[in-house]
Amino acid sequence: MNNVIIIGSGPAGLTAAITCAQKGLEVSVIDEYMKPGGRLLGQLYEQPDGSWWNGINESKKLFQQAVNLGVQFYLETPVFNIEKKDSLWVVYTDKETFQTTNLLLATGAAEAPVPIPGWTLPGVMSIGAAQIMTNVHRVKPGNRGLIIGINVLSSAIAMELKLAGVDIACLALPKNNQITHESAHPKKVLDSLLHVAHMAPSTFVKLGSKLMKNNFMKELGVTFYPRNGVKMWDIPIQLKKAVIEIYGEQEVEGVTIASISSKGEVIEGSEENIAVDFVCIAGGLYPLAELAALTGCPFHYIEELGGYVPLHNEQMMTPVEGLFVAGNITGIEGAKVAAAQGKIAGLSIAKRSGKHQLDEDLKDAVQQEADTRKNAYIQFHPEVDSGRRRIQEEWEEYLVNNTVQFF
């Protein structure tokens, strides 16, 4: 039996494993993928100081550090059930069954691509799939592509594809309907795009983003947004055009794109075809929390965090005894924030194990997470701080109405 089982070997899971092992705990990490690193594996971007953040290198460093500390890894091992028996967590996989007194869920996030007519054609993929193909497997998804969906994730990955020599025709919006409404509204999309404008080499884009600080200026920005788009990394960002259809006989051959109004309405007669051999759909990320649902942990829907998240406090504890969470399961943020949460979770688990007095360490780690969030190069939601406050308020209300035992 292990002191700690961690499900998920992304930045949160790896950092938590290292932290627990450093405190003398026996740790096992379970992940369904063939390599440790999670979403770290696909990340590659230039930071403001000119250095490059290479997720593959970062994951290798963390993995080796964990192995050197005696952490056991079970890769290519999907978890299909979790249950609590007396004071033990029982984790079921298709290889063996694990037991532990401390369980950390660091399962990350999943993509939610929006449906577009023709999206079942070969050559259509999620933006994350294109990122993994390019940065991890070193395989181009195609020669010329188009990205449907303009958000922080798609903008960053567009840059990565460009660095790999892939021709990106443009980033465009999906056609407005009941499912795509938020992601098809130019003004709402502009809000998210402003948070990656600092990454653009264009001085025009950088200066323009600083001017759009209120709704009036954003309305003007959308109304007078160039019909041919604004280029970032020499890729046209088309806030005033939407993809109507993906077409092709046996595979992707192109897309039909049309001009739209500032409210996302298609302008009839403006349709045109763009030839491409692959299409990426970027619908954003949501917390991958199905396993947490098996534990009986309460959930709350918080839009700023990406959807339904398990209830937890700033020390990554849930109301369920011995259950901890960290990383994108708690809300969609970057890898560095996830790693900071992993450290908090590791310290909380070590404290619960009774081997250390870690109150000051935990306090420092919580502050470090807040600082990391504040200085994050990319923020997936402009109001993430509000989302974090909301989950903390839900936690405090839960404690008032329920009896919960902690260490």
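Residue numbers run from 1 in the order of the sequence given.
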Check whether any side-chain heavy atom of [X] sits under 4.5 Å from a side-chain heavy atom of [Y], and report yes or no.
| X | Y | result |
| --- | --- | --- |
| Q22 | L69 | yes |
| I30 | I6 | no |
| I168 | M159 | no |
| Y286 | I332 | no |
| L25 | S353 | yes |
| L173 | K240 | no |
| I237 | C170 | no |
| L88 | T101 | yes |

Go through it in stages, so that I can follow the logic: the residues are I5 and N102, the test is side chain to side chain contact (heavy atoms under 4.5 Å, CB included), and I'd like the CA-CA distance, side-chain angles, deciding distance and then a yes or no.
CA-CA 6 Å; I5 287 178; N102 297 289; over 6 Å; no

Could you give the distance from [atom1] ([X]) to [atom2] ([Y]), rounded to the nearest 0.5 Å?
| X | Y | atom1 | atom2 | answer |
| --- | --- | --- | --- | --- |
| S259 | K241 | OG | NZ | 5.0 Å |
| F278 | D167 | CZ | CG | 8.5 Å |
| N273 | I244 | CG | CD1 | 11.0 Å |
| S348 | D361 | OG | CG | 11.0 Å |
| Q392 | H312 | CD | NE2 | 8.5 Å |

Under the side chain to side chain contact (heavy atoms under 4.5 Å, CB included) rule, what do V279 and I147 come out as? Steps first, then yes or no, please.
CA-CA 6 Å; V279 173; I147 298 174; over 6 Å; no

Do [X] side-chain atoms and [Y] backbone N/O form a donor-acceptor pair below 3.5 Å?
| X | Y | value |
| --- | --- | --- |
| T318 | C297 | no |
| R144 | A275 | yes |
| T19 | T15 | yes |
| T372 | V337 | no |
| K35 | I56 | no |
| T134 | Q131 | no |
| T100 | W89 | no |
| N328 | P287 | no |

Apply side chain to side chain donor-acceptor pair (under 3.5 Å) to residues Q368 and D364 and explain how you reach the verdict.
CA-CA 6 Å; Q368 181 182 358; D364 291 343; over 6 Å; no

Which of E314, E333, E304 passes side chain to side chain donor-acceptor pair (under 3.5 Å) with R388? Answer is E333

Look at [X] together with [Y] and state whether they make a salt bridge at an N to O cut-off of under 4.0 Å.
| X | Y | result |
| --- | --- | --- |
| D385 | K374 | no |
| K95 | E76 | no |
| E265 | K175 | no |
| E393 | R389 | no |
| E83 | K85 | yes |

Taking atom [atom1] of [X] as the centre, does the number of heavy atoms from other residues, nucleotides or ligands within less than 6.0 Å exceed 12?
| X | atom1 | answer |
| --- | --- | --- |
| Q250 | CD | no |
| E249 | CD | no |
| K60 | NZ | no |

Is the gap between the ring centers of Y308 and Y301 under 6.0 Å?
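Centroid separation for Y308 and Y301: below 6.0 Å.
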
Please tell me whether Y92 and F98 form a close aromatic pair, meaning their ring centres lie under 6.0 Å apart.
no

For E32 and T77, does a side-chain donor sit closer than 3.5 Å to a side-chain acceptor?
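No - no donor-acceptor pair under 3.5 Å links their side chains.
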
Taking L146 as the fixed residue, which of D277, V255, I246, I281 is the one that meets the side-chain contact (heavy atoms from CB on, under 4.5 Å) rule?
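When D277, V255, I246, I281 are each tested with L146, the side-chain contact (heavy atoms from CB on, under 4.5 Å) holds only for V255.
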
Salt bridge (charged side-chain N to carboxylate O under 4.0 Å, His left out), that's the test. Do E369 and K343 meet it? Break it down for me.
CA-CA 9 Å; E369 183 218 15; K343 181 177 181 179; over 6 Å; no

For residues 119-127, run the donor-acceptor check on the side chains, cut-off 3.5 Å, and write out each pair with its distance to 0.1 Å, sequence neighbours left out.
residue : atom : partner : partner atom : Å
S126    : OG   : E111    : OE2          : 2.8
S126    : OG   : A129    : N            : 3.1

D359 vs K351, salt bridge (charged side-chain N to carboxylate O under 4.0 Å, His left out): CA-CA, chis, key distance, verdict:
CA-CA 8 Å; D359 291 337; K351 180 181 176 181; 2.6 Å; yes

Stepwise, does the side chain to side chain contact (heavy atoms under 4.5 Å, CB included) test hold for H300 with L311?
CA-CA 7 Å; H300 289 277; L311 184 61; 3.8 Å; yes

Test side chain to side chain contact (heavy atoms under 4.5 Å, CB included) on L285 and R39 and set out the steps.
CA-CA 12 Å; L285 300 170; R39 290 195 171 271; 3.7 Å; yes

What are the two closest heavy atoms between V243 and A172, and how far apart are they?
CG2-CB, 4.1 Å

Please walk me through it: do Q367 and D371 pass side chain to side chain donor-acceptor pair (under 3.5 Å)?
CA-CA 6 Å; Q367 183 59 53; D371 292 342; 3.0 Å; yes

